[in-house]
There are 2 protein chains.
Amino acid sequence: MFKIAIIGAGSAVFSLRIISDLTKTFKEVEVSLMDINERRLKSVLVLAKKLNEEMGTNLRFRTTKNLEEAINGARFVINTALVGGHEYLERVRKISEKWGYYRGIDSQEFNMVSDYFTISNYNQLNLFLRVAKLVEEKAEKDSWLLQAANPVFEGTTLISRVVPINVVGLCHGHYGVHHIVETLGLDMKKVEWQIAGVNHGIWLNKFLYDGNDGYELLNNWIEKNKYEPKHPFDDQLSPAAIDMYKFYGQMPIGDTVRNSSWKYHYNLETKIKWYGKFGGADSEVGWKWYQENIRTISEIINELSNYVSENPRVKLLDYNLYKNFLHVDIFKEEIDSIINPGRLSGEQHVPFIDSIVNNKKQRLIVNIPNNGVIEGIANDVIVEIPALVDSTGIHPEKIEPKLSERIIKFYLQPRIVRMEIAVEAFLTGDFNLLKEFLFRDPRTKNEEQVEGVLNEILNLPENTEMRKHYLGG
Amino acid sequence: MFKIAIIGAGSAVFSLRIISDLTKTFKEVEVSLMDINERRLKSVLVLAKKLNEEMGTNLRFRTTKNLEEAINGARFVINTALVGGHEYLERVRKISEKWGYYRGIDSQEFNMVSDYFTISNYNQLNLFLRVAKLVEEKAEKDSWLLQAANPVFEGTTLISRVVPINVVGLCHGHYGVHHIVETLGLDMKKVEWQIAGVNHGIWLNKFLYDGNDGYELLNNWIEKNKYEPKHPFDDQLSPAAIDMYKFYGQMPIGDTVRNSSWKYHYNLETKIKWYGKFGGADSEVGWKWYQENIRTISEIINELSNYVSENPRVKLLDYNLYKNFLHVDIFKEEIDSIINPGRLSGEQHVPFIDSIVNNKKQRLIVNIPNNGVIEGIANDVIVEIPALVDSTGIHPEKIEPKLSERIIKFYLQPRIVRMEIAVEAFLTGDFNLLKEFLFRDPRTKNEEQVEGVLNEILNLPENTEMRKHYLGG
Ligand SMILES: NC(=O)c1ccc[n+]([C@@H]2O[C@H](COP(=O)([O-])OP(=O)(O)OC[C@H]3O[C@@H](n4cnc5c(N)ncnc54)[C@H](O)[C@@H]3O)[C@@H](O)[C@H]2O)c1
Ligand SMILES: NC(=O)c1ccc[n+]([C@@H]2O[C@H](COP(=O)([O-])OP(=O)(O)OC[C@H]3O[C@@H](n4cnc5c(N)ncnc54)[C@H](O)[C@@H]3O)[C@@H](O)[C@H]2O)c1
């Protein structure tokens with residue numbers, strides 16, 4: 001029996017996916033559910049135990065609010081916490097917008113994802129490091145840290161540079177490939193593909209269908225079809241995606257489509273032009289939709305957990321249970337992946353653990369140090385690439401054909417510059433780096449604006465530590 | 001006897017420096033003075049011949065308006081032409097400002113120098129390539145192209161990638177080191193120094209005085225002195241330079257000080273704060289001053305040439321001749337360097353030729369392909385570095401200590417991205433690259449602005465070829 005710790009386990013959907021996957025993969029595991037939010041933790045625990053019972057597995061759950069306790073003796077630590085929660089992000093966004101930074105100071109060229117805060121969520125990066133150091137000190141020998149929480153790119157690069165542990169970033173952005181394949185009416189089994197890049201900046205460098213050029217099929221589809229998004233996140237074939245594809249020469253995959261330049265993001269009108277009627281996930285409309293959804297889902301899970309507590313005979317694996325809880329589309333999909341015994345959730349965390357523990361060689365998309373895999377990118381930058389994982393570790397595939405020159409020079413390089421500034425700012429506490437980040441921001445008009453927005457953020461009560469780090473005293 | 005061609009020889013001050021240096025270095029050279037402006041060419045010819053006569057050398061001058069004729073059989077070709085002249089630059093600047101691009105669309109983060117046009121002077125890059133190809137076809141075997149005209153960075157990189165000739169970029173920006181040393185009251189002979197970077201983006205990586213850390217002396221000076229610029233170009237120790245030094249950890253040298261981020265350049269007020277009362281060379285005030293100066297000097301040279309023609313007995317090497325022409329400060333300095341037989345002008349072109357032709361091993365600051373000299377920069381990017389030059393070629397010094405990480409990651413990398421976009425746009429004629437350049441510009445608010453400013457520039461009568469290149473037809 002080995003131990004897994006989930007940090008931020010109150011992130012209910014995520015935890016249930018992981019736990020459900022565990023029941024479908026392992027007979028016995030010790031799972032430490034760690035969060036600072038007791039109510040959320042309790043809900044997850046009830047559902048987790050029920051799932052375990054119904055699946056006939058022997059997972060042992062413990063909840064804790066103590067980070068060290070959770071990590072102590074763990075072989076795998078999954079970090080999915082969001083320090084400050086969405087509320088903090090929205091507070092910072094509001095301050096930013098007051099100072100003229102539409103969608104927040106962390107929304108930047110090639111990083112528009114609205115909960116991917118690279119400079120103003122100091123506490124988040126701080127937790128990343130705290131977790132990593134505890135893994136170094138308290139976890140089992142040769143343990144792994146699985147970084148799920150964002151910013152995966154900055155966070156994993158940071159950890160890999162300063163804490164000597166095994167760390168891997170995992171994300172599900174590459175499912176965009178499946179979306180394309182389905183939309184084109186193709187059979188995924190006949191597709192040979194690769195993506196490469198950095199987290200939320202990945203590109204379809206290889207796309208073969210039945211041995212032939214898949215891009216030809218994509219081009220045909222593009223010529224003949226008009227895109228209409230079903231929801232704000234439905235952007236894989238949006239005009240923005242196709243415009244990026246035409247410019248960069250390869251298709252942006254997953255959240256990469258959101259992470260475009262200001263050309264597509266100046267304002268809601270522009271966003272609507274490029275991402276369809278909602279303006280994409282990162283417009284004021286799209287993000288509100290997302291927040292309402294996750295709030296509803298969180299409430300549903302809470303209700304569900306109460307209901308299950310009060311009615312111990314009901315079965316979680318029985319679809320009928322959910323008839324009262326299916327008014328949210330996104331949740332419907334979740335339920336299916338969680339309770340369908342023949343199907344994993346799609347998160348890569350449990351498959352990764354399976355590969356390491358059981359030497360089950362399989363292909364995963366991982367975030368690891370580049371070490372020469374992508375030419376033109378430094379070795380110590382974390383890249384997102386396909387790899388074979390087994391008990392001996394992670395074995396990256398050769399990226400062939402290469403990423404286009406434009407992607408490397410005009411997309412990845414500038415994105416990496418921003419990552420480097422954020423990481424160095426965090427490591428050195430040099431306030432001038434935070435300022436420089438904003439001096440390079442197209443929305444900045446003068447120094448007062450830079451000082452103003454940063455000071456207001458640093459003065460938030462939850463940022464005492466950040467303030468001390470950057471301004472001393 | 002070998003042949004040198006000077007393209008754009010009507011750039012009178014530059015040509016006179018070169019010719020004067022030649023008379024102090026060689027006994028016999030054939031010099032082809034090429035320009036499209038006959039009047040300027042004539043003025044230069046009169047003064048050149050006179051200088052040759054008085055110096056007792058045997059330089060043979062020919063003027064021509066034909067590029068091929070000039071380059072035919074040359075062993076060295078110096079390109080100092082500015083296609084369209086300053087008038088064209090101002091016309092583009094005016095159009096740009098109408099569309100909201102203060103100081104012009106070519107003024108960019110890390111490239112604020114007002115006559116360093118990287119995307120809107122297509123004709124200039126086109127001439128660079130035409131010259132390079134003629135060097136390949138018509139010049140002597142093993143000939144050299146000395147690139148003096150700007151943009152040296154983009155131009156030299158472009159040429160070195162597509163035309164298989166010897167090309168070197170030469171600039172005098174590194175004299176900023178001398179300026180610092182003089183200002184600190186030190187003796188240049190006791191200084192050991194290196195600079196490295198890219199053209200107009202060079203940094204003092206090594207600074208020893210009498211074997212001790214020169215930066216300590218600089219820090220002392222900074223603490224105790226207040227800067228007051230004597231003229232707009234007097235910026236080597238400006239608050240901007242010092243702020244950059246503090247941020248990047250090494251001192252920016254020469255035009256690098258002008259090539260800072262928007263923080264120092266938002267508007268005239270900001271520029272004055274950072275560069276002193278004129279707002280630096282690249283403010284509306286400073287640049288006007290410069291333009292008036294070069295106009296006056298050009299007129300003086302014209303007058304001088306007429307005067308010498310009409311009074312063949314006067315001596316160019318006689319200081320008294322200039323009493324009527326010394327009302328412009330900058331010209332005074334010029335005169336001294338040109339007629340003082342014990343001193344070269346400071347331009348590196350003739351010393352470079354001397355090293356190659358006479359195997360005179362000397363240290364020069366050159367722009368050549370990186371090929372590993374600066375870590376973290378691709379091999380095929382032209383860097384500006386110190387090198388020993390002799391008849392076997394250019395031998396770069398090892399850069400030690402290295403450039404700071406911040407310079408490489410936060411300054412050079414982003415600067416290189418812009419160079420790459422400009423070079424690829426020029427090579428492919430992809431209009432989307434020009435647009436992308438501006439979509440990444442902080443002054444851009446929407447697509448209409450991008451299309452508007454580019455179309456208006458492309459519609460200028462002198463840009464027919466550029467228009468065809470980017471828009472076809
Ligand atoms: N990698 C991926 O595939 C992927 C996908 C979606 C979201 N995410 C990321 O996962 C993270 C969680 O997102 P969410 O929407 O579920 O957020 P959430 O706020 O709903 O959940 C995060 C959880 O972290 C907990 N938490 C906060 N501070 C903590 C601390 N100091 N210690 C332990 N737990 C703490 C919260 O109480 C909460 O339960 C975000 O960073 C998000 O961007 C990653
Ligand atoms: N590398 C350096 O150290 C350095 C220093 C100062 C200026 N410069 C650069 O040198 C160039 C010249 O600057 P300037 O201020 O003397 O400009 P200028 O306009 O005074 O002189 C340039 C000359 O080029 C000529 N010319 C224009 N089109 C031509 C063509 N097609 N063929 C031949 N000649 C042509 C013009 O007639 C003019 O005589 C600029 O690019 C400037 O940025 C370089």
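Letters A, B, ... are given to chains in the order of the sequence lines, protein chains preceding strands, and every chain is numbered from 1.
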[X] side, atom [atom1]; [Y] side, atom [atom2] - distance, nearest 0.5 Å:
{"X": "B/L433", "Y": "A/F410", "atom1": "CG", "atom2": "CZ", "value": "5.5 Å"}
{"X": "B/W262", "Y": "A/E447", "atom1": "CH2", "atom2": "CD", "value": "16.0 Å"}
{"X": "B/N432", "Y": "A/Y248", "atom1": "CG", "atom2": "OH", "value": "11.0 Å"}

For [X], which atoms come within 4.5 Å of any heavy atom of chain B: side chain, backbone, both, or neither?
{"X": "A/Y264", "answer": "neither"}
{"X": "A/E420", "answer": "both"}
{"X": "A/S261", "answer": "side chain"}

Using non-hydrogen atoms and a 4.5 Å limit, figure out which bit of B/N267 sits close to chain A: side chain, backbone, both or neither.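 For B/N267, neither part sits under 4.5 Å from chain A.
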Name the region of B/T428, side chain, backbone, both or neither, that has any atom closer than 4.5 Å to a heavy atom of chain A.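 For B/T428, the side chain is the part near chain A, not the backbone.
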Name the member of [options] that forms the most heavy-atom pairs with chain B at distances under 4.5 Å.
{"options": "A/T270, A/D430, A/I416", "result": "A/D430"}
{"options": "A/K435, A/E436, A/K263", "result": "A/K263"}
{"options": "A/K445, A/E109, A/Q413", "result": "A/K445"}

Give the C-alpha distance, both sets of side-chain angles, the deciding distance and a yes or no for salt bridge (charged side-chain N to carboxylate O under 4.0 Å, His left out) between B/E424 and A/K409. CA-CA 11 Å; B/E424 196 184 326; A/K409 290 184 177 173; over 6 Å; no
Please report the closest heavy-atom contact between A/N446 and B/Y266, naming both atoms and the distance.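 Distance-wise, the nearest heavy atoms are CA-CE1, 3.7 Å.
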Count the heavy atoms of every other residue, nucleotide or ligand shown that sit under 6.0 Å from CD of A/E451, and state whether that count exceeds 12.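 Enclosed: over 12 neighbouring heavy atoms sit under 6.0 Å from CD of A/E451.
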What do you reckon, is NZ of B/K246 surrounded by more than 12 foreign heavy atoms closer than 6.0 Å?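 No, not enclosed.
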